[in-house]
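As structure tokens, the structure follows; a few thoughts come after it.
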Amino acid sequence: MECLCGSKRDFEACCGAIIKGTKVAQTPEELMRSRYSAYVLADGDYLVKSATKENRYESDIALIEEFCKNVKWLKLELLHVKCPLDVSENGSDGIVEFKAYYLENSEIVLLHERSSFVKIDGVWEYDKGVFINSKIERNEPCPCGSGIKYKKCKKHLMAY
Ligand SMILES: [Zn+2]
Ligand SMILES: [Zn+2]
């Protein structure tokens with residue numbers, strides 16, 4: 001199976017191993033991708049576990065899973081990745097800016113976020129995200145993957 005994060009790699013070798021815990025994310029980008037895949041899989045446990053201790057709320061697990069089951073994730077676009085050269089150092093941080101699209105009640109929702117990650121004891125953790133206000137351009141290809149311009153696309157309305 002092709003990975004859910006859109007890397008075109010095999011799921012098991014990409015996000016699958018990181019979610020399962022058989023592989024450690026080597027970069028903030030890998031962790032970010034695995035978290036997106038976990039959203040697609042509605043894996044609330046992993047999403048909470050991969051956050052920093054201060055942001056780990058067990059009570060979020062059910063909420064995340066509930067949300068994920070009601071939406072259909074369409075795609076992930078990585079826009080900007082900033083990672084320090086020496087990532088071996090403790091307390092290093094990295095930033096990944098991305099756009100993720102999902103379908104909710106036949107509407108495509110764009111989530112544009114700049115996430116920060118910190119490396120704690122050799123493991124990258126998700127620290128926090130800042131939302132960026134943006135919208136899907138009417139003339140851009142529809143995020144549902146139909147190949148039709150967003151303003152003209154009705155394909156995703158039929159996805160359910
Ligand atoms: Zn992946
Ligand atoms: Zn569409």
Side-chain angles (χ1 to χ4, degrees), residues 1-52 55 61 64-65 67-83 87 92-120 122-129 132-160:
M1 173 175 110
E2 210 170 82
C3 196
L4 305 165
C5 75
S7 65
K8 306 253 189 257
R9 297 174 56 207
D10 181 63
F11 172 72
E12 292 302 331
C14 189
C15 299
I18 298 173
I19 293 171
K20 223 189 281 165
T22 52
K23 191 186 143 193
V24 175
Q26 298 298 306
T27 59
E29 177 180 336
E30 283 189 357
L31 186 64
M32 198 274 125
R33 287 181 174 278
S34 72
R35 287 177 51 86
Y36 174 82
S37 292
Y39 271 108
V40 181
L41 296 167
D43 187 340
D45 272 331
Y46 177 76
L47 287 160
V48 168
K49 205 175 65 188
S50 57
T52 53
N55 297 306
I61 296 175
I64 293 169
E65 293 183 351
F67 165 73
C68 292
K69 281 173 190 150
N70 287 309
V71 304
K72 182 178 190 285
W73 292 90
L74 297 171
K75 69 167 179 172
L76 170 69
E77 264 175 28
L78 287 187
L79 303 174
H80 186 70
V81 177
K82 181 181 149 274
C83 182
V87 292
S92 302
D93 60 353
I95 289 177
V96 180
E97 184 179 332
F98 66 90
K99 284 181 175 175
Y101 301 85
Y102 61 86
L103 199 54
E104 186 176 31
N105 302 322
S106 303
E107 293 272 341
I108 296 181
V109 181
L110 161 61
L111 174 70
H112 185 176
E113 188 185 306
R114 192 177 291 129
S115 302
S116 43
F117 298 85
V118 284
K119 197 175 201 186
I120 295 164
V123 178
W124 284 103
E125 295 179 348
Y126 171 71
D127 187 26
K128 51 185 176 287
I132 299 167
N133 201 357
S134 30
K135 59 180 177 50
I136 306 165
E137 294 299 329
R138 290 170 48 74
N139 283 319
E140 75 178 74
C142 187
C144 78
S146 62
I148 303 168
K149 282 182 183 176
Y150 175 57
K151 66 178 176 191
K152 288 200 175 138
C153 184
K154 294 201 165 53
K155 282 249 166 92
H156 53 267
L157 302 178
M158 289 167 256
Y160 279 113

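Counting starts at 1 for both ligands and their atoms, in listed order.
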Legend entry - Least distance between heavy atoms, Val96 atom then Met32 atom: CG1-CG, 3.8 Å

Legend entry - Residue Lys128 excluded, over 12 heavy atoms near NZ under 6.0 Å: no

Legend entry - Residue pair Ser34 / Tyr46, side-chain heavy-atom distance below 4.5 Å: yes

Legend entry - Side-chain donor or acceptor of Arg114 paired with backbone N/O of Glu97 under 3.5 Å: no

Inset, instruction - Nearest 10° is fine: what angle sits at the Zn ion (ligand 1) between SG from Cys5 and SG from Cys15? - result: 110°

Inset, instruction - Could you grab the angle centred on the Zn ion (ligand 2), going from SG in Cys142 to SG in Cys144, to 10°? - result: 100°

Inset, instruction - Could you check which N/O/S atom of His156 is closest to the Zn ion (ligand 2)? - result: ND1

